[in-house]
Amino acid sequence: MKLSRDSKIYVAGHNGMVGAALVRTLLARGHSAEKLLRPERKELNLLDPVATQKYLAAQQPDLLIVAAARVGGIYANNTYPAEFIYDNLAIALNLIHGAYQAKVKRVLFLGSSCIYPRLAPQPMTEDCLLTSPLEPTNEPYALAKIAGLKLCQYYRKQYGVLFHSGMPTNLYGPGDNYHPQNSHVLPALLRRFHDAHQANAAEVILWGTGTPRREFLHVDDCADALLHLAELDNPPDWVNVGTGQDTTIREAAEIVAKTVGFTGKIIQDTTKPDGSPRKLLDVSKLRATGWTPKYDLTQGLRHTYQHFLSEKAAGKLRE
């Protein structure tokens, strides 16, 4: 499916970090703004199956990208597990089944690398899905994302529709959530080091040893990869979306510190837990389709910090 500037594309979750990046990328490529469907929550409640199906039937998009989700870090997942599983299941069910009922030509569902087992071999390939238990701290979210992925897979198998999924690694970039408790590791580090630099603090304390390794993908690269997948004639049922490279938490913290201009000490509180020792996606399938990322971590963080400062100055920072 070749996307033209007049392709009718519904980006569900267009106000979120990934959805906004998709819209930003499409508009930068010259896509018609009028052909981008972006209903606000007050216009369309994705938890309502009847309203969702009616909207899809009326609009008849050429492509539906499911980037809508309830998201958050460990604290949010542990505090609101019922909302995380219910809302994300409902969004997936309503949009995917509604798209099938409305005869939408193509659906691209956005998942997450947390769908893979807690102790999956590293780097994680697509076929390690459901081979052992999930990480308990984000199990409600992961189960809902697995259900959405499988819904696309089985609708494609049974009905012949082109419904498929992309599974991104840890994302960062413009529009991220910088809440002190509900944010992910990289935005949390950026916020902490920015605040320390502004306060002329002598040190920043990080939890754990700093040795766990994580993979990070700039959200604009994620958007580019998803649109690349949306144009493949016969994509895999689901594809890992990442850089294929990881870094230690300590190394990431040092890059963040340099980016924001913090020159104090970085202290590791080794009495605090580390989390999983490594989380890295095998991106062989994605690379085989011809896609590679644009940003390395240093470039991506520099770009992200400029947006952080702009969003903060404009009073639009998510926190």
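In this text, all values refer to a predicted model and were calculated from it rather than measured experimentally. Numbering of residues begins at 1 and proceeds along the displayed sequence.
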**OP:** Carefully, step by step, assess L227 and I65 under the rule side-chain contact (heavy atoms from CB on, under 4.5 Å).
**Re:** CA-CA 9 Å; L227 293 172; I65 303 178; 4.1 Å; yes
Original post:
So if you build clusters from Ile, Leu, Val, Met, Phe, Trp, Tyr with side-chain heavy-atom gaps below 4.5 Å, do L36 and L229 land together?
Top reply: yes
Original post:
To the nearest 0.5 Å, what is the distance between OG1 (T259) and CZ (R302)?
Top reply: 6.5 Å
**OP:** Evaluate the side-chain proximity of N170 to L217: yes if any heavy-atom separation is below 4.5 Å, no if none is.
**Re:** no
**OP:** With sequence neighbours left out, write down each residue that passes ring-ring contact (aromatic ring centres under 6.0 Å, His included) with Y100, or none if nothing qualifies.
**Re:** Y155, Y159
Subject >> Enclosure of W207 CH2 (heavy-atom neighbours >12, cutoff 6.0 Å) >> reply: no
**OP:** Tell me whether the centres of the aromatic rings in Y305 and H194 are closer together than 6.0 Å.
**Re:** yes
Original post:
Is it true that R318 and E311 make a salt bridge, defined as a side-chain N closer than 4.0 Å to a carboxylate O?
Top reply: no
Original post:
Any side-chain heavy atom of Y10 within less than 4.5 Å of one from P39?
Top reply: yes
Original post:
Please, which pairs that meet salt bridge (Lys or Arg N to Asp or Glu O under 4.0 Å) have at least one residue in residues 19-39, sequence neighbours excluded?
Top reply: R24-D220, R29-D224
Original post:
Sequence neighbours excluded, which residues qualify as side-chain hydrogen bond (donor to acceptor under 3.5 Å, both in side chains) partners of N240?
Top reply: Y116
Original post:
Is the backbone of I266 close enough, under 3.5 Å, to the side chain of Q268 for a donor and an acceptor to pair up by distance?
Top reply: no
Original post:
Are L134 and Y86 co-members of a hydrophobic cluster defined by side-chain heavy atoms under 4.5 Å apart?
Top reply: no
Original post:
For D6 and S4, does a side-chain donor sit closer than 3.5 Å to a side-chain acceptor?
Top reply: no
**OP:** May I ask you to test the R70-E83 pair for a side-chain heavy-atom distance under 4.5 Å?
**Re:** yes
**OP:** Drop me the distance from T292's OG1 to H228's NE2, to the nearest 0.5 angstrom.
**Re:** 9.5 Å
**OP:** Please tell me if the side chains of H31 and S7 come closer than 4.5 Å, counting only heavy atoms from C-beta onward.
**Re:** yes
Original post:
side-chain contact (heavy atoms from CB on, under 4.5 Å) with E40: which residues, sequence neighbours excluded?
Top reply: H14, N15, K42, E43
Subject >> Under the side-chain hydrogen bond (donor to acceptor under 3.5 Å, both in side chains) test, residues paired with D296 that sit two or more places apart >> reply: none
Original post:
Between atom CG of L171 and atom OG of S113, what is the distance when rounded to the nearest 0.5 Å?
Top reply: 8.5 Å
**OP:** Locate the shortest heavy-atom distance separating G98 from L56; write the atom from each residue and the value.
**Re:** C-CD1, 3.5 Å
Original post:
Can you name the ring-ring contact (aromatic ring centres under 6.0 Å, His included) partners of Y141, sequence neighbours left out?
Top reply: none
Original post:
Would a distance-only check, ignoring hydrogens and angles, find a side-chain to backbone donor-acceptor pair under 3.5 Å from E215 to T243?
Top reply: yes
**OP:** For the residue pair C128 and P117, establish whether any side-chain heavy-atom pair is separated by less than 4.5 Å.
**Re:** yes
Subject >> Gap between atom OG of S165 and atom CH2 of W238 - 0.5 Å precision >> reply: 8.5 Å
Original post:
Around R118, counting heavy atoms of other residues, nucleotides and ligands shown, do more than 12 lie under 6.0 Å from its CZ?
Top reply: no
Original post:
Can you tell me how far the CG atom of L232 sits from the CE atom of M1, to the nearest 0.5 Å?
Top reply: 12.0 Å
Subject >> L149, V239, I115, V283 screened by side chain to side chain contact (heavy atoms under 4.5 Å, CB included) with E126, the one that passes >> reply: V239
Subject >> ring pair (Phe, Tyr, Trp, His ring centres under 6.0 Å) evaluation trace for F308 with Y178 >> reply: CA-CA 9 Å; F308 170 90; Y178 295 94; 4.9 Å; yes
Donor-acceptor contacts, no H, no angles, side chain residues 273-281, under 3.5 Å, sequence neighbours left out:
| unit_1 | atom_1 | unit_2 | atom_2 | d |
| --- | --- | --- | --- | --- |
| D274 | OD1 | T209 | N | 2.8 |
| D274 | OD1 | T209 | OG1 | 3.3 |
| D274 | OD2 | T209 | OG1 | 2.7 |
| R278 | NE | D246 | OD2 | 2.6 |
| R278 | NH2 | D246 | OD2 | 3.2 |

Original post:
Are V18 and Y172 connected in the hydrophobic side-chain network, where two residues link if heavy atoms are under 4.5 Å apart?
Top reply: no
Subject >> Results of side-chain contact (heavy atoms from CB on, under 4.5 Å) for V204 - residues two or more places apart only >> reply: R192, F193, A196, L206, F262
**OP:** Provide the closest heavy-atom pair for Q60 versus A102 in the form atom of the first, atom of the second, distance.
**Re:** NE2-O, 2.7 Å
**OP:** Using the side-chain contact (heavy atoms from CB on, under 4.5 Å) rule, take V66 and L108 through it: C-alpha gap first, then chi angles, then the decisive distance, then the call.
**Re:** CA-CA 6 Å; V66 184; L108 176 56; over 6 Å; no
**OP:** Grab the two heavy atoms, one from V219 and one from G173, that are nearest each other, plus how far apart they are.
**Re:** CG1-CA, 4.1 Å
Original post:
Got a donor-acceptor contact below 3.5 angstrom from the N94 side chain to the L46 backbone?
Top reply: yes
**OP:** Quick one: list whatever passes ring-ring contact (aromatic ring centres under 6.0 Å, His included) with H164, sequence neighbours left out.
**Re:** none
**OP:** Answer yes or no: is there a side-chain heavy-atom contact under 4.5 Å between L27 and T25?
**Re:** no
Original post:
How many angstroms lie between atom CD of Q59 and atom CG of L44, to the nearest 0.5 angstrom?
Top reply: 9.5 Å
Subject >> By side-chain hydrogen bond (donor to acceptor under 3.5 Å, both in side chains) - contacts of N177 (at least two apart) >> reply: none
Subject >> N77 versus T137, closest heavy-atom pair with distance >> reply: CB-O, 3.1 Å
Original post:
Tell me, do I9 and P61 make a side-chain contact under 4.5 Å, heavy atoms counted?
Top reply: no
Original post:
Mind checking whether H218 and Y295 have parallel, tilted or perpendicular rings, split at 30° and 60°?
Top reply: parallel
**OP:** Starting from L119, walk the hydrophobic network (Ile, Leu, Val, Met, Phe, Trp, Tyr; side-chain heavy atoms closer than 4.5 Å) and list everyone else you reach, by chain and number.
**Re:** none
Original post:
Between L37 and V11, is any pair of side-chain heavy atoms under 4.5 Å apart?
Top reply: no
**OP:** Using the rule that two of Ile, Leu, Val, Met, Phe, Trp, Tyr join whenever any of their side-chain heavy atoms come within less than 4.5 Å, decide whether V71 and L95 are in one cluster.
**Re:** no
Original post:
Is there a chain of hydrophobic side chains (I, L, V, M, F, W, Y, each step under 4.5 Å between heavy atoms) that links M17 to L301?
Top reply: no
Original post:
Under 3.5 Å, side chain of Q53 to main-chain N/O of V50, donor-acceptor pair present?
Top reply: no
Subject >> Qualifying residues under side-chain contact (heavy atoms from CB on, under 4.5 Å), relative to Y154, sequence neighbours excluded >> reply: K150, K157
Original post:
Which pair of non-hydrogen atoms, one from L47 and one from A90, has the smallest distance, and what is that distance?
Top reply: CD2-CB, 3.7 Å
Subject >> Nearest heavy-atom neighbours spanning A67 and L22 >> reply: CB-CD1, 4.4 Å
Subject >> K105, K8, R106 screened by side chain to side chain donor-acceptor pair (under 3.5 Å) with D62, the one that passes >> reply: K105
**OP:** Considering only NZ, NE, NH1 and NH2 on the basic side and carboxylate oxygens on the acidic side, decide whether K265 and E203 come within less than 4.0 Å.
**Re:** no
Original post:
Does the distance from a Lys or Arg side-chain N to an Asp or Glu carboxylate O, for E254 and R250, drop under 4.0 Å?
Top reply: yes
